[in-house]
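Computed from a prediction, not measured in an experiment: that's the story for all the values here.
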Amino acid sequence: MADNNQELLRETDRLHAVLNEIDKKAVKLKQHSGGLKKDVIHLRKTFWDDIKVNVDNMKEAIETLSSVKQQAELLSERERGHQLIHKQLATLSRLKDSAYFGRVDFLENDESKKDVVYLGTASLMDENEEEFLIYDWRAPISSLYYDYSPGPAQYETMEGTVKGEMELKRQFIIRNGQMKSMFDTGVTIGDELLKEVLGNHADSNMKSIVATIQKEQNQIIRNEKSKYLIVQGVAGSGKTSAALQRVAYLLYRHMNELTAENIMLFSPNPLFNSYVATVLPELGEDNMQQSTFQEYVEKRVGKRFKLEDPFEQMEYVLTADKEENYQARLKGIQYKASMQFKELIDDYVSFLAKDQLIFKHITFRGEILISAQTIKETFHSLDMSISIPNRIQLVKERLLKELARKEKMERKQEWVLEESELLNKEEYTEVYQELRSDEDTFDDIDREQRLLAKKIVKKHFRPIIKAIKKLKFIDHRAIYRQLFSGKVKQWEKSPENWEEICGYTLKRLKQKELPYEDATPFLYLQDRIEGQKINTRIRYLFIDEAQDYSPFQFAVLKQLFPNTRMTILGDFNQAIYAHTINAPTLLSSELYEKEKQDRMVLMKSYRSTRQIVEFTKGLVAGGEAIEAFNRNGEKPSLIRTADQDHLHRKIIGTAKDQLSNGHQTVAIICKTAQETKEAFHLLKGELDVQLMDKETYTFTKGIIILPAYLAKGIEFDAVIIYNASSSIYSKEFERKLFYTACTRAMHDLKLFFIAEKTPLLRDVPSDAFTLSNG
């Protein structure tokens, strides 16, 4: 830490000068804002006062339209100006609290004067708008701070590489406008600053990490070389934080051509979306679009099935091992996630093109208007060389023409006359007015009836036309069921246990249930028939917890976003879903063309204390390569209890102690949702505890109880593993789930068990934890 009092005084004086400049700029903006606000209010109130509405002839109508347009544009311009000032004031408010966090003195080669660069969350110019008082952390020159120690250094600009000498790197901790501490450092980010930040308590929202970005994280943030940036990062390595700073960087780097609406994040669950929602606004940027893969699937599948979500599938895998169809389903989950199953569906599409596509009747008032057989004959009458989607479009056009013919015929039916006689006054007047607008009049009773009949039938046929345009005449459910029927049993690409898989799948489909493992294949098959759905608006896609995605899911995502750059983040040690057991995931290099991918590995964990990291390293294969940041704390504790009642008493006491010790977020992590609900009902009388399930979108500080698979991506001050007994965590495939639960802890980790601890702890060194009887 810098101990030169003179330097500290100079830096403090500079900070006060910068804060003074912030105050002056804020005053000017508020004055300007007040004037703009008055203009906006005045324009809204008097919008029509200066506009003469005249539509008696075409010329006057055009002049009136032009006048309205000018007034609207003037109002819109004033509103945009007011919104911009509001955003600038918010930026100044952030800088007022913490103006900057770093300083770099850089002497460019062949220059005599050094650049003194202060880094903050936004740029700030001096009073004359000539020099930077603060540089935005995303500016090209700011990368020096993250990538180099004092000595030779360089940074990239649009014009090329700028080389020189870094003469000083200084770090600041500024809070509420006050200089708390200052120190010079010879490493990328000094341990002092990191310890200060990492030693803080967890919050219900993720925070920005711009002051503590590490060199490897900075490489992720600023990477623009490859179409696919794949990041394998161990638990607590900051991969998600780096990804969010990357979004902010991209919005800054391409500010004139990229907006938040062009960026999407696929996250593991809605709770995670809420958890990260404040990071970008903290940096002055709008949030990108956020979704889960499940939400995308639900939107596409609609109400055709009761769609299972991944958490229901996980619950089944963890709790239903005694059920009759368990092994068949487990094999099906793994097979349906593979590229082999995708290839089988591709073969099936060729099979469909010849003779086996299935259609629905088009019905009206309980009668068949156009039969499924007629549609099928129409489809197969078309040239086989035309692709299925294009033939479907031709069928749609013929159906619409046929429907128009039948619509005319329907006007003569008795029900139409009966309905016209039952029109109430309001409906009749509406019809009359619409007909008058078409310059039709009720000259006589016959003409009136014809016009009314046309209107009534058109109204009733409108949903049918809409359905045809949406290709609802294709029976996708039956087509997908047929894939598992006897017709395809002999296919070469079917696995050995195909009959078992088919039996289980047909059983669920007949109940109008779509298992989670079938959702992606179902959508893929649907798109092979209807034509691919392509999203051209999203230019950057971020996929977090990528280890949970299958190769088949990735194939669908590539088709949906063919021209999109993807940032793919995950940890193979947290691959907890059944389809990932001994199978490739989105982190697997073989899924990507070599020349289109950049791979980065983050092996250092910053979330947890060194003692917690040393403990969790022993839970996974290859854990010895994980590095712990040197922040000390207590060793994790294993507490043996005699029975369930004893276990609950100890957990209640421990959770209360953790809160009284200053921990603001305490998580009681169970294995499953079923165990979570049971534990919640037993504990809620003694603890003020929040239950988190898959429907939870936010959480507050305090004690939280949740299943392990919902804790992914979130961190807590203290974690209590509810029951780490051998009877609970007994299977090898549960190892990564157990690891995920334990690595949520920042400062304190306690594991309770009854009688005998889980065998998953056998490779954890005995000196990495304390063992006691409760």
Side-chain angles (χ1 to χ4, degrees), residues 1 171 173 181 183 185-203 206-207 209 211-217 232-242 571 573-574 601-639 654 657-658 661-667 669 711-721 724 735-736 738-751 757 760-772:
M1 181 178 285
Q171 297 170 233
I173 298 175
S181 59
F183 40 89
T185 181
V187 294
T188 305
I189 303 297
D191 281 359
E192 294 90 344
L193 181 58
L194 260 177
K195 285 177 182 175
E196 194 268 349
V197 172
L198 297 172
N200 289 335
H201 294 294
D203 204 342
M206 182 180 281
K207 300 298 182 185
I209 62 162
T212 58
I213 292 169
Q214 303 296 288
K215 182 176 181 178
E216 62 272 20
Q217 293 169 332
Q232 156 59 39
V234 299
S237 58
K239 53 188 175 294
T240 301
S241 295
D571 177 13
N573 285 324
Q574 297 180 65
V601 178
L602 304 178
M603 294 305 296
K604 196 166 190 176
S605 179
Y606 298 95
R607 172 187 297 138
S608 308
T609 61
R610 180 175 57 81
Q611 287 76 12
I612 293 174
V613 173
E614 292 299 327
F615 172 82
T616 55
K617 283 167 61 170
L619 294 175
V620 289
E624 65 277 2
I626 299 172
E627 301 174 49
F629 177 71
N630 191 26
R631 180 170 66 85
N632 284 314
E634 293 183 1
K635 289 181 181 181
S637 300
L638 270 65
I639 300 106
T654 300
D657 288 344
Q658 287 172 330
N661 289 336
H663 295 313
Q664 296 180 8
T665 56
V666 175
I669 301 182
K712 297 185 73 169
I714 306 174
E715 57 191 27
F716 305 95
D717 286 331
V719 165
I720 293 170
I721 302 300
R735 177 177 294 280
K736 293 181 178 180
F738 187 66
Y739 171 80
T740 299
C742 293
T743 54
R744 301 307 95 199
M746 293 176 65
H747 311 297
D748 189 11
L749 175 61
K750 300 280 193 297
L751 301 91
K757 65 181 183 293
L760 300 177
L761 290 166
R762 63 176 171 265
D763 295 326
V764 178
S766 59
D767 62 354
F769 59 88
T770 63
L771 177 63
S772 64

Asker: Determine, step by step, whether Q214 and L602 satisfy the side chain to side chain contact (heavy atoms under 4.5 Å, CB included) criterion, reporting the C-alpha distance in whole Å, the side-chain angles of both residues, the deciding distance to 0.1 Å, and the verdict.
Answerer: CA-CA 10 Å; Q214 303 296 288; L602 304 178; over 6 Å; no
Asker: Let me confirm one number: the CD-NZ distance from Q611 to K635, rounded to the nearest 0.5 Å.
Answerer: 8.0 Å
Asker: May I ask you to decide if R607's main-chain N or O and R631's side chain share a donor-acceptor pair within less than 3.5 Å?
Answerer: yes
Asker: For the backbone of N573 and the side chain of D571, can you confirm whether one donor and one acceptor N or O come within less than 3.5 Å of each other?
Answerer: yes
Asker: With sequence neighbours left out, write down each residue that passes salt bridge (charged side-chain N to carboxylate O under 4.0 Å, His left out) with E614, or none if nothing qualifies.
Answerer: K617
Asker: Please round to the nearest 0.5 Å and tell me the distance separating atom CZ of F769 and atom CG of L751.
Answerer: 9.5 Å
Asker: Heavy atoms only: give me the nearest H663-A718 pair and the separation to one decimal.
Answerer: CD2-CB, 4.0 Å
Asker: Would you say that T743 contacts V719 through its side chain, given a criterion of any heavy-atom pair below 4.5 Å between the two side chains?
Answerer: no
Asker: Where do C742 and L619 land on the side chain to side chain contact (heavy atoms under 4.5 Å, CB included) test, with the steps shown first?
Answerer: CA-CA 9 Å; C742 293; L619 294 175; 4.1 Å; yes
Asker: Which heavy-atom pair separates Y739 from A235 by the least distance, and what is that distance?
Answerer: OH-CB, 3.8 Å
Asker: Starting at CG of L761, measure out to CZ of R735 and round the result to the nearest 0.5 Å.
Answerer: 8.5 Å
Asker: Is the closest side-chain heavy-atom distance between K712 and T740 below 4.5 Å?
Answerer: yes
Asker: Would you give the length of the straight line joining atom CD of E715 to atom OG1 of T240, rounded to the nearest 0.5 angstrom?
Answerer: 10.0 Å
Asker: Of all the heavy-atom pairs spanning A242 and Q217, show the shortest one and how long it is.
Answerer: CB-CB, 4.1 Å
Asker: Main chain of V234, side chain of S237: is a donor-acceptor contact present, judged purely on distance under 3.5 Å?
Answerer: yes
Asker: Do V613 and F629 make a side-chain contact, defined as non-hydrogen atoms from C-beta onward lying under 4.5 Å apart?
Answerer: no
Asker: What closest approach, in Å, do I721 and A741 show between heavy atoms, and which atom pair accounts for it?
Answerer: CD1-CB, 3.8 Å
Asker: Give me the atom names and distance for the closest heavy-atom approach of P636 to A768.
Answerer: CD-O, 3.5 Å
Asker: Grab the two heavy atoms, one from A724 and one from F738, that are nearest each other, plus how far apart they are.
Answerer: CB-CE1, 4.0 Å
Asker: List the residues meeting salt bridge (charged side-chain N to carboxylate O under 4.0 Å, His left out) with D748, not counting sequence neighbours, and say none if there are none.
Answerer: K750
Asker: Closer than 3.5 angstrom, by distance alone: can the side chain of D763 be matched with the main-chain N or O of G618 as a donor-acceptor pair?
Answerer: no
Asker: Indicate yes or no for a side-chain donor-acceptor contact from S772 to the backbone of I639 under 3.5 Å, with no hydrogens or angles considered.
Answerer: no
Asker: Supply the atom-to-atom distance Q664 CD to M746 CE, rounded to the nearest 0.5 angstrom.
Answerer: 10.5 Å
Asker: First locate atom CD of E634, then atom NE2 of H747, and finally report the distance between them rounded to the nearest 0.5 Å.
Answerer: 12.5 Å
